[in-house]
Amino acid sequence: MVYQKKILLGVTGGIAAYKACALTSKLTQKGANVKVMMTKSATEFVSPLTFQALSRNPVYIDTFDEKDPEKIAHIDIADWADIVLLAPATANTIGKIANGIADDMMTTTILATEAEVYIAPAMNVHMYAHPAVIKNMKQLEQWGYRFIEPGAGYLACGYVGKGRLEEPETIIQVIEEHQQINHFLSGKKVLISAGPTRESVDPIRFFTNRSTGKMGFALAEAAADFGADVTLVAGPSNQQLSNGRINRFDVVTAGDMYEAMHQHFSSNDIVIKAAAVADYRPKIVYDQKVKKQAGDLSIMMERTKDILKSLGAIKEHQFLVGFAAETTNPIEYGMKKLREKNLDAIVINDVSTKGAGFGGDTNIVTYMNKREEKEELPLASKYKIAEKILKMIDQDMKAGSQ
Ligand code: CTP
C-alpha cells in the first residue's frame with residue numbers, strides 16, 4: 001500500500017515528465033505523502049509549481065538551495081523517504097547513479113537514501129537498447145534497485161517501441177503489489193539475538209563457543225528487507241550489517257545479553273534467539289592474570305540464566321522463536337526445548353551435518369511450530385534460510401490470530 005507512505009518522486013528531463021504530474025496526483029489521492037525533486041532539465045518540461053500544487057509540498061531542484069540552515073536538504077529528504085520513485089528516469093540519470101556520480105540534487109539524494117528505489121525509465125527506443133544503458137540498468141538491478149519497465153507504444157520521438165514511460169496507474173500498482181508481497185513484516189518490530197557470548201576467566205582468557213553470528217545477522221538483514229523494524233543484540237562477532245536501518249546493540253556476556261533482551265522484549269512483536277549463549281561461566285573472574293602452576297587446573301563454573309526460558313515465562317503478545325543446536329536426536333531435543341521454554345516455534349540445527357551449523361555461509365534446518373508441524377529447509381545460504389524462517393513465522397502468526 002502507498003497509503004501514508006512517504007514517497008519521494010524524482011522527475012528527470014524527458015517529455016514523459018508530464019506524466020509525473022498524474023503520478024503525483026494519483027499517489028496523493030491514495031493517501032501518500034509525496035515530495036517531488038526535479039533535475040534542472042525536468043524543469044524545462046514542467047513547471048515546479050505544478051508539482052508543488054499537486055503534492056502540497058516544496059519541490060527540490062538545487063543541491064545548494066538550502067532553505068533550512070538546520071538541515072542538509074538532500075540528506076534530509078533521503079532519510080525522510082520510505083520509497084523513492086524515479087519517473088521518468090532518463091538514460092543520463094540512470095547512467096550517473098550506476099556509476100556513483102552525484103552532481104545534482106537528484107543523484108546526491110539517490111546515493112544518500114536507504115529507502116527502496118523504484119526506477120521507471122523513459123527514453124528513445126534506440127537509447128533503451130544501447131549496451132551502455134543495458135549495462136547500467138543491470139548494475140542497478142544487482143544493487144537492489146527495481147525497474148518498472150516501459151511497455152511498447154507510441155513514443156514522442158516518432159518511433160514505436162520500448163521506451164515509453166509506464167502508465168501512472170500501472171507504476172502505482174506495481175509498487176503496491178511489490179510492497180505487499182515483499183514487505184509482509186512492515187509495521188512489525190523484530191528483536192533478534194546473534195553470535196556467541198564470552199565469559200571471562202581473567203584479563204587474558206575467556207570461554208566462548210564456535211558461533212560466528214552469521215545466522216542471526218542473516219535473520220536481521222532479511223527481516224529488515226521484509227520491512228520490519230529490527231533490533232539486533234549481538235555477542236562478539238566480526239559480522240557487519242549492510243542495512244543501516246537495523247539497530248545494533250553489542251554485548252559480551254550471557255548476563256549482558258539477558259539484560260539487553262529483557263530491555264527490548266516488551267516493545268517487540270517477534271523475538272528470535274539465534275545466539276549461542278554460554279550455559280556456564282567461571283564462578284570467579286580474576287582481576288589479575290592466573291599464573292601457571294605445577295599440576296592440573298580446575299575452574300569452577302556456575303550456570304548462567306536461560307534467557308530464552310525467562311522470556312518464554314513472561315511472554316504476552318510476542319511470537320517467540322528459539323534455536324536448538326544439536327549433535328544427536330535433533331528433533332526430539334528441539335521439541336523438548338520448544339515445550340520447556342514456552343516457545344511459538346523452534347529452528348532445529350543438526351550442527352554435525354555437512355553444510356549446517358557454525359561458521360559456514362550455508363545451513364540446513366528444521367522449523368517446528370508449537371503444533372509440532374515440521375518443515376525441513378534443505379541446504380541453502382543462511383540469508384535464504386532466514387527468509388524462509390521469517391515467512392513461516394508470518395504464516396504461523398496469521399494462523400494463530402484467526
Ligand atoms: N539459550 C538462552 N540462554 C541460555 C542458553 C540458551 O537464551 N543460557 C537459548 C539459545 O539462544 C537458543 C536456545 O536457548 O535459542 C537453545 O539453545 P541450545 O544451546 O541449543 O540449548 P540449551 O537450552 O542450552 O540446552 P542444552 O545445553 O541442554 O542443549
Side-chain angles (χ1 to χ4, degrees), residues 190-200 206-220 223 231-237 239 249-266 268 270-283 301-315 318-353 356-359 363-370 377 382 385-386 389-390 392-393 396:
V190 180
L191 173 64
I192 295 168
S193 76
T197 58
R198 194 182 269 180
E199 309 297 332
S200 286
F206 53 77
F207 284 92
T208 189
N209 58 62
R210 295 181 201 277
S211 167
T212 56
K214 282 184 181 170
M215 191 64 235
F217 275 66
L219 277 161
T231 301
L232 175 69
V233 173
S237 165
Q239 298 300 305
F249 294 91
D250 289 309
V251 295
V252 179
T253 65
D256 301 338
M257 189 173 279
Y258 180 95
E259 295 300 328
M261 292 302 283
H262 276 268
Q263 189 190 334
H264 296 287
F265 187 65
S266 62
N268 277 274
I270 300 171
V271 179
I272 310 175
K273 278 228 73 233
V277 187
D279 288 325
Y280 294 91
R281 66 175 166 224
K283 201 171 174 110
M301 305 287 275
E302 66 181 8
R303 285 285 299 273
T304 58
K305 287 187 206 158
D306 189 321
I307 307 167
L308 188 59
K309 196 169 178 182
S310 69
L311 297 175
I314 58 164
K315 147 169 106 85
Q318 293 90 348
F319 191 92
L320 185 61
V321 185
F323 266 66
E326 308 293 348
T327 52
T328 52
N329 306 331
I331 301 295
E332 197 182 307
Y333 282 129
M335 200 182 289
K336 194 163 169 265
K337 285 175 190 169
L338 176 82
R339 288 200 208 108
E340 286 179 358
K341 302 195 189 200
N342 190 26
L343 308 180
D344 296 288
I346 191 150
V347 180
I348 305 165
N349 222 235
D350 183 346
V351 292
S352 61
T353 316
F358 298 130
N363 214 349
I364 306 164
V365 302
T366 304
Y367 174 94
M368 190 197 295
N369 63 20
K370 66 177 172 200
L377 306 182
K382 286 188 170 166
I385 298 272
I389 291 171
L390 291 164
M392 280 181 295
I393 291 173
D396 281 339

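Given the structure is predicted, the values throughout are model-derived calculations rather than measurements. Just follow the structure's listing: the first ligand is 1, and inside any ligand the first atom is 1.
Of the charged side-chain nitrogens involved, at least one lies within less than 4.0 Å of a carboxylate oxygen, so that K315 and D344 count as a salt-bridged pair.
Side-chain atoms of S237 come within 3.5 Å of backbone atoms of T212 as a donor-acceptor pair (strictly under, hydrogens ignored). Using a distance-only test at 3.5 Å, with no hydrogens or angles considered, a donor-acceptor pair links the side chain of D256 to the main chain of T253.
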Could you give the side-chain donor-acceptor pairs of residues 321-328 under 3.5 Å, partners two or more places apart or in another chain?
{"from": "E326", "atom 1": "OE2", "to": "K337", "atom 2": "NZ", "distance (Å)": "2.4"}

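Screening residues 301-314 for side-chain hydrogen bond (donor to acceptor under 3.5 Å, both in side chains), with sequence neighbours left out, gives H262-S310, R281-E302, D306-K341.
Here Y280 pairs with nothing under the ring-ring contact (aromatic ring centres under 6.0 Å, His included) rule; sequence neighbours left out.
At a heavy-atom cutoff of 4.0 Å, ligand 1 is surrounded by K273, A275, V277, A278, D279, T304, K305, D306, I307, L308, G322, F323, A324, A325, K337, K341.
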